[in-house]
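The structure under discussion appears below in the form of C-alpha cells.
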2 protein chains.
Amino acid sequence: MALEHAILVSLLEKPGSGYELARRFERSIGYFWTASHQQIYRVLKRMENDGWVDVRDVPQQGRPDKKEYRVADLGRAALSSWLHDPIEPESVRHDLAVKIRGAAFDDPTALIREVERHRQAHRDRLAHYLAGEARDFTGPEANAAGPQAPLDAERELQHVVLRGGIAYERMMIDWLDGVLATLARFGPAR
Amino acid sequence: MALEHAILVSLLEKPGSGYELARRFERSIGYFWTASHQQIYRVLKRMENDGWVDVRDVPQQGRPDKKEYRVADLGRAALSSWLHDPIEPESVRHDLAVKIRGAAFDDPTALIREVERHRQAHRDRLAHYLAGEARDFTGPEANAAGPQAPLDAERELQHVVLRGGIAYERMMIDWLDGVLATLARFGPAR
DNA sequence: TCCTCCTATGCAACTCGTTGCATAGCAAGC
DNA sequence: GCTTGCTATGCAACGAGTTGCATAGGAGGA
C-alpha cells in the first residue's frame, strides 16, 4: 500500500487540504498514482489518528473553510522507513492488452476505434507532460537561476519522474501504432 | 473488472484447470494481468455459477485429479460484449516513482540499490520476453509454415501484445538508467 | 522414516479501491 | 427566483485483491 506514502510526499512538497490533494492527484502526482477524493479523505483521517499529519482549520472567505494538513515527525519517519524498505516490481494490469488478445475470438477490426481512442488519450497526456516540462524544467524561466545554481534534489527528482512519464507515453503511442497496423491487416480479409 | 475476461481469453486460447491458469498468470497472461491462485479459484467458481464456463473432472495418475474448465456460450457472449464496451485508459500505480520523488526528503543515494534491483528485474523480464519471441514468433521453427501461410489472428495478436511488453521493458530500463544517473549526482555532494 | 517439494483446490479475514449518495456555502447567469 | 457549477467534506455499501492458513496425494532425497 502506498497511497499514504504518496500523500506524505505530496504534503512534504506542499501542505494542503484533502480537496487540494484530490486535485493534485488529477495532475502531477496522479501521473503515477491515482486516487479519488473519498479515498483521500478516508486515508487522511487515518493518518491524522496515527499522528502522521497535523491539521489546522483555515477559514476562507467566499468559499467553505478547509483543513490544511502538514506532515508531522511521525509521518516523516514512516515515509523514511518505507523508502528504505525494498518493494517488488509492480504488478501490471493492462485491460487493453487483454482486449487485444481477446479480439482473436471476436471481430478484430471492432477494436480499431477503441485503440485509436486510447492512442489519442496518450497523445494528449504526452502533450500535457511536454508543456509541463517546458514550463517547469527546460523553459527560459525555469533556468533563471543559471547553470551555476545549486542542485535542487526535489526539482531534479520531479524532473526525472516526469521524463519517465514522457517516455512511457511515447512508448505507448508507438506501440498502439503497431497494434493498429496489425488490426488493419485483418480488415479486408473479413 | 477484467480478471474474468482475462480468464476467458486464456481459456479460449486453451482450456485448463485453475492450477494451470494460475501458472499461466505467472507467465504469458501474467505479463499484463496478475492474479493469485486464490483469486482465480474464487472467480472460476463464480463464472461456473453464472454459466460462463463448463467444468469437467479429469482423473490423473501420479497426481491429484483436476477440474478442466472451458468457455461456454454465455462466457463467449460476455467476452464479446466486454470487447465492444469502451474502457478508460488505465490508471497508473507506480510505487517506484513515488519513492523517487520522496527521496528528496530523505537520503537520495539510499535509493540507488533499490533502483538497480528494479532495473535488473526489468532486464530479466526483457530477456525472458525476447527468448519467447524468438521461440514462438521469429525463430526458424515459428516460420515453418512459410511466408505464404494464412494470417492467424490469434498468433498475430499475441505477438503484437508481446512486442508491447518488450517495448515497455526497454523503456523502463532506459528510464532507470536515467534515474540512476540523477541519483549518482547527489552522492558526492553529501 | 521423515522432510521437502510439486500438483491441486479451497476458505476466511482483512485491506484497498470504486460507486453512489449527501451536505453545504457561495458565485454567476438566465 | 432558479439552476448550474465550483469549493469542501464526508458516509455507506460493495467489489477487488492480498495474506494466511488448510488439506491431500504422490515423488524424491537424506
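Note that the structure is a prediction, hence the values are computed from the model and not measured. Only heavy atoms go into these numbers, but all of them, side chains included; no hydrogens, no water, no symmetry mates. Proteins come first, then strands; the chains are lettered A, B, ... in the order of their sequence lines, and each starts at number 1.
- Taking the six-membered ring where the residue is Trp, B/Tyr168 and A/Tyr168 present perpendicular rings, their angle passing 60° and hence far from 30°.
- One interatomic measurement links the two molecules: CD of B/Glu68 to P of C/dT7, which rounds to 17 Å at whole-angstrom precision.
- For the salt bridge (charged side-chain N to carboxylate O under 4.0 Å, His left out) condition, the pairs that include at least one residue of residues 70-80 of chain B, sequence neighbours left out, are B/Glu68-B/Arg70.
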Report task. Might you work through the side chain to side chain donor-acceptor pair (under 3.5 Å) test for B/Arg155 and B/His159, ending with a clear yes or no? Result -> CA-CA 6 Å; B/Arg155 240 173 78 81; B/His159 191 189; over 6 Å; no
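- In this view, A/Glu114 and A/Lys99, A/Arg117 satisfy the salt bridge (Lys or Arg N to Asp or Glu O under 4.0 Å) rule, not counting sequence neighbours.
- Salt-bridge check for B/Arg24 with B/Glu13: failed, with every basic side-chain N at 4.0 Å or more from each acidic carboxylate O.
- In this entry the distance linking CD1 of B/Ile87 with P of C/dT18 reads 15 Å, nearest Å.
- On the nucleic acid side, DNA chain D has its first and last nucleotide under 4.0 Å of a heavy atom of chain A at D/dT7 to D/dT18, going 5' to 3'.
- Under the 4.5 angstrom side-chain criterion for Ile, Leu, Val, Met, Phe, Trp and Tyr, the cluster partners of A/Tyr41 are A/Tyr19.
- Near-neighbour residues of DNA chain D inside residues 33-56 of chain A, defined by a heavy atom below 4.0 Å, number-ordered: A/His37, A/Gln38, A/Tyr41, A/Arg42, A/Lys45.
- Atoms CD (B/Glu20) and P (C/dA8) sit 6 Å apart, rounded to a whole Å.
- A rotation axis mapping the C1' atoms of four pairs onto the next four is fitted at both ends of the helix from C/dT1-D/dA30 to C/dC30-D/dG1 over five pairs, and the angle between these axes is 10° to 10 degrees.
- Note: CZ (A/Phe25) to C1' (C/dT18) measures 16 Å, nearest angstrom.
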